[in-house]
Structures are given as C-alpha cells and as structure tokens.
Amino acid sequence: MWVTILLSAFIAFVIFKITLISYRRRRYPEPHYDWSQINTDEISFPQDFHWGTATAAHQVEGSLSNNWSTHEVVKGLEQSGFACDHWNRWEEDYNLLSELGVSSYRCSIEWSRLEPEQGVWKEEALQTYSAMVDDLIARKIRPVITLHHFSHPQWWEAKGGFADKDNIAAFVHYCERVFDTLSDRVDIWVTINEPTVFSSMGYSLGFFPPGRRSLRLTLRVMRHVMLAHARVYRSLKAKRPDAQIGIAKNVTLFDPRNRWSPIDWPLSRLLEWLWNGAWRNGITNGRMLFTAIPEAKDSLDFVGLNYYTHVLTGLSIGALRRLEFPKRDQEVATEFGYPMYAEGFRRAIEFLAPLGVPIEITENGVADAADTLRPEHLKRHLWVLSEAIKDGYDVRSYHHWSLMDNFEWAEGYSMRFGLYHVDFETQERTLRSSGELYKEIISSN
Ligand code: IFM
C-alpha cells in the first residue's frame with residue numbers, strides 16, 4: 001500500500017513539475033511571437049506571386065434588391081443603399097486597381113441582378129460583368145470571380161435558399177450561365193464565399209439573413225452549402241476541365257481563453273471542429289457532419305483562405321452573440337473588436353495545406369477608419385506569409401480586403417476596411433497611407 005501511495009505522489013509531483021515548466025515557457029496555449037524582435041520589412045515573394053485586392057457585389061455595387069437589402073429593412077439595420085455606387089463607377093474604380101499596381105482582383109457576381117425574378121434573365125447585366133472582365137484583362141489584372149458572396153435573389157431566399165436542398169439546382173443553373181459567358185476569359189473561380197460564416201451568421205447568430213437562430217438548421221445549411229459547392233464544381237469542370245475552381249474558406253481559429261479551465265479547452269476544440277474541421281473533412285472524405293456528400297470529395301483545384309483572427313473561447317462565449325471578443329493582454333483589439341493575431345495566419349495556412357491544393361489568400365485585412373493599425377497589420381501578415389512561402393507552403397496570391405471602404409453587412413458603414421477611404425456623400429475615393437504602403441510593397445516584390 002505504501003508503495004502505491006509513494007508512487008502516486010511521485011507521479012503527481014512529476015505532472016505538477018511538467019505543467020509548471022510548460023506554463024512558464026508558454027503563457028498561452030497558442031503561439032505568440034515577440035514582434036519587437038522581428039523585422040517585418042524582410043519579406044520576399046516568388047516572381048509569379050499575385051498581389052491583389054478583393055470586394056463583393058453587395059458591398060460595393062449599390063442599389064440592389066436581394067436577400068440582404070430585405071434583411072436590412074426587416075431588421076432595421078443601416079441600409080446598403082448606393083454603397084460605393086460601383087455599378088456606375090467601376091471603370092474609375094479599376095483605375096484605383098491600376099494605381100495600386102495589383103495583378104489580381106477578386107470580385108463577385110450578383111445573382112439578383114441577373115435573375116431578379118425566377119426565370120427572368122437580364123442579359124444586359126451579364127454583359128456589364130463581361131465588360132468588367134475585359135477591362136481587367138486589358139489592364140493585365142487577373143479576374144477572380146466569386147459566384148456567391150452572401151447575397152442572392154429574394155425570390156430564392158423566399159423558397160428557403162440553401163436550407164432547402166431542392167433549391168440547389170437553381171443555384172447551379174445561375175452559376176452555369178455566368179460561367180458560360182465568362183469562362184472563355186476567366187480562369188479562376190470561387191464558388192461560395194465563407195460557407196461557415198454564411199451558415200452560422202444567418203442561421204445560428206441571426207445577424208445575417210434570414211436571421212434565424214437554430215443549430216439544427218445551421219448544420220443543415222452547412223451541409224447543403226457544401227453540396228451546392230460540389231455540384232457547381234462538378235458542373236463547371238465538365239464544361240472547362242482546366243478552369244481553376246475553389247472556395248473561399250474563412251479559417252477562424254478557436255483557442256481556449258483559459259488554458260486551465262476544463263470547459264474552455266473542449267469548447268474551443270468543438271467550435272474549431274464545427275467551423276473548420278468538419279468543412280475540411282467534407283472536402284477530404286466526402287463526409288460532412290455525419291452525412292455522406294460524395295460529390296464534395298476532392299472538389300477543389302485551389303483553396304481560398306480568408307484570414308482575420310482567432311477567437312478566445314470560454315465560458316464567456318455568450319459575448320460572441322454580441323460580436324464581442326476577448327483578447328490576450330499583449331494583443332491589440334481591432335476596430336471590429338477581435339484581436340490582431342497575425343500568428344494565426346500561419347496556423348490557418350498549415351490547416352489548409354493538407355488539402356494538397358494551392359492556396360490563394362482571398363481575403364485579409366482590418367477595419368481601421370483612422371488607418372493607424374492597418375500598416376502594422378499589413379506588414380505582420382505579409383511577413384508571416386513570406387515566411388510560410390519560404391518554408392515551402394504553396395501560396396499563390398494575396399488579396400487585401402478591401403480595395404475601398406464599403407458596406408460591412410450587419411455593421412453597415414461603420415467598419416472601414418479600405419485601402420482607399422470612401423466619402424459616401426461625394427463618392428470620392430482617397431488612398432490611405434496603408435494603401436501607399438501596399439503599393440510600395442507590390443512594386444518592390
Ligand atoms: O466584409 C467581409 C467580407 O464580405 C467577408 N469576409 C470578411 C470581410 C470583413 O468582415
């Protein structure tokens with residue numbers, strides 16, 4: 001008996017010691033760099049690396065009538081209205097792209113412009129998108145086209161949108177029509193933007209249309225969005241096998257707020273799995289959230305990464321419902337509230353790498369009206385990216401979110417993500433200092 005007691009005491013002592021050492025060595029469970037020791041100017045990128053910026057139709061085009069404009073009214077949110085009036089000013093806005101010197105531009109097509117009523121197609125609108133593509137190519141800017149970036153026609157929403165599996169056929173049909181018109185000039189396509197953000201914000205948190213709060217519905221929508229992506233992928237590949245078709249995945253990392261809490265750690269693992277892991281499983285194994293989606297297996301030619309932050313997860317998870325985010329002591333809170341955590345950019349790349357396809361950074365940026373944080377934010381993230389590429393990760397592009405201030409969904413116009421400041425009264429665009437910085441980085445890399 002004494003032997004057992006002594007042995008147990010010894011084991012307990014060893015565990016205590018190891019824990020103490022690891023606690024001293026690393027205060028937090030996730031990595032943090034000592035940025036004062038890092039020269040973020042030391043970056044280098046491959047010759048054929050694409051520098052770009054990104055926007056989305058509903059956020060910039062203006063005067064739209066779709067699921068989002070309906071939601072804005074129903075929920076009493078700030079209305080998107082004329083947004084950046086980009087639909088009428090796109091040529092001038094493309095001058096801004098040329099001024100920055102980008103070689104790639106990610107934008108989205110607005111389905112509600114093309115098919116405002118079911119079965120009624122507006123050829124003229126499609127021709128405008130076609131003219132945009134021509135103009136980009138003439139400027140030697142690669143168009144990266146997103147087919148669904150959070151918005152779709154209200155008639156399709158009324159039929160249940162992605163919540164109803166039968167609606168997927170209409171979505172595929174819309175994608176095919178766009179592809180038939182543009183794919184002779186557009187090589188790289190994003191089917192759906194941020195599937196998990198779309199599903200959780202619309203069906204769990206209720207901030208996005210249709211403003212529902214149901215976990216069961218969220219899981220169903222997540223599966224249907226994956227299925228829709230897979231069907232679009234298969235259909236478009238059959239039309240043009242050499243087209244590059246991917247998805248833009250928002251990889252948000254969930255780290256335990258308190259490493260000693262028996263709740264924070266499992267909760268963070270669960271959220272990480274729901275947000276990221278379940279989606280990756282769908283692509284790798286054709287199974288998502290305990291459901292077989294065989295079409296989804298290997299349905300990517302590249303993966304788009306949208307990276308913004310990590311979420312410290314714990315008992316205070318209720319804060320997430322109000323979009324408030326805790327941060328570590330040494331972290332800076334961005335205007336959106338979540339911390340600047342460039343270290344996570346590397347982790348997000350590592351998370352996507354096992355998919356075995358090239359990575360395109362389809363979004364990364366920060367809300368910062370005064371432009372005081374954006375330069376440092378940009379430099380840190382590009383340093384992390386440059387190191388990842390040096391270490392062998394196959395990352396082909398970086399698209400800064402966003403080209404210009406625009407309509408930030410439920411946050412309205414309060415969050416300014418632009419390299420260009422937009423005066424929404426006069427529609428004047430002005431390059432911010434961070435825009436100048438990005439321009440210099442592009443020209444020297
Ligand atoms: O503005 C959004 C974009 O539409 C999707 N990704 C995140 C951005 C900033 O919140």
Side-chain angles (χ1 to χ4, degrees), residues 52-62 64 66-69 71-72 77-78 80 83-84 86 105-111 144-152 190-202 205 207-209 225 246-253 275-276 279 303-311 320 323-325 333-342 344-345 348 352 360-369 371 373-374 377-378 381 397-422 424 434:
T53 65
T55 60
H58 187 76
Q59 296 180 269
V60 296
E61 285 184 2
L64 286 166
N66 55 24
N67 62 326
W68 252 99
S69 58
H71 181 75
E72 289 154 29
L77 300 174
E78 186 171 9
S80 47
C84 306
H86 177 71
Y105 176 55
R106 174 177 175 233
C107 55
S108 75
I109 305 283
E110 178 60 36
W111 180 6
V144 178
I145 301 292
T146 304
L147 290 160
H148 187 277
H149 193 123
F150 296 162
S151 55
H152 48 243
V190 173
T191 55
I192 294 172
N193 180 68
E194 298 183 346
T196 325
V197 174
F198 173 83
S199 314
S200 59
M201 294 291 271
L205 296 169
F207 296 135
F208 283 16
V225 168
I247 203 165
K249 172 74 183 111
N250 172 303
V251 178
T252 293
L253 306 159
W275 192 275
N276 301 318
W279 173 84
V303 60
L305 167 59
N306 292 4
Y307 176 73
Y308 288 91
T309 194
H310 69 156
V311 173
L320 202 61
L323 277 190
E324 283 172 11
F325 304 92
T334 67
E335 230 151 78
F336 217 117
Y338 49 70
M340 166 163 77
Y341 178 59
F345 201 12
L352 293 179
E360 304 263 351
I361 307 303
T362 33
E363 282 182 33
N364 172 243
V366 64
D368 179 23
D371 206 36
L373 185 59
R374 193 175 290 104
H377 187 277
L378 182 63
H381 285 80
S397 66
Y398 174 85
H399 296 84
H400 190 83
W401 186 271
S402 177
L403 170 64
M404 56 190 162
D405 294 339
N406 56 48
F407 179 71
E408 180 55 31
W409 309 111
E411 312 302 316
Y413 290 102
S414 62
M415 294 296 148
R416 291 179 174 262
F417 278 87
L419 292 169
Y420 282 86
H421 169 271
V422 176
F424 291 103
S434 52

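Residues: numbered from 1 along the sequence shown. Just follow the structure's listing: the first ligand is 1, and inside any ligand the first atom is 1.
- No donor-acceptor pair under 3.5 Å is formed between the side chain of R374 and the backbone N or O of S434.
- No donor-acceptor pair closer than 3.5 Å links the side chain of R416 to the backbone N or O of A367.
- Between the side chain of N306 and the backbone N or O of K249 there is no donor-acceptor pair closer than 3.5 Å.
- Just one of L305, N193, N250 meets the side-chain contact (heavy atoms from CB on, under 4.5 Å) condition when paired with E363; it is N193.
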Quick check for students: name every N or O atom pair between ligand 1 and the protein closer than 3.5 Å, with distances.
{"from": "ligand 1", "atom 1": "1 (O)", "to": "Q59", "atom 2": "NE2", "distance (Å)": "2.9"}
{"from": "ligand 1", "atom 1": "1 (O)", "to": "W401", "atom 2": "NE1", "distance (Å)": "3.2"}
{"from": "ligand 1", "atom 1": "1 (O)", "to": "E408", "atom 2": "OE1", "distance (Å)": "2.6"}
{"from": "ligand 1", "atom 1": "4 (O)", "to": "Q59", "atom 2": "OE1", "distance (Å)": "2.7"}
{"from": "ligand 1", "atom 1": "4 (O)", "to": "H149", "atom 2": "NE2", "distance (Å)": "2.8"}
{"from": "ligand 1", "atom 1": "4 (O)", "to": "W409", "atom 2": "NE1", "distance (Å)": "2.8"}
{"from": "ligand 1", "atom 1": "6 (N)", "to": "E194", "atom 2": "OE1", "distance (Å)": "3.3"}
{"from": "ligand 1", "atom 1": "6 (N)", "to": "E194", "atom 2": "OE2", "distance (Å)": "2.8"}
{"from": "ligand 1", "atom 1": "6 (N)", "to": "E363", "atom 2": "OE1", "distance (Å)": "2.5"}
{"from": "ligand 1", "atom 1": "10 (O)", "to": "E408", "atom 2": "OE2", "distance (Å)": "2.6"}

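- No option in E335, H377, M340 other than E335 meets the side-chain contact (heavy atoms from CB on, under 4.5 Å) test with D368.
- By the side chain to side chain donor-acceptor pair (under 3.5 Å) test, H400 is found to be paired with Y398, residues two or more places apart in sequence or in another chain being considered.
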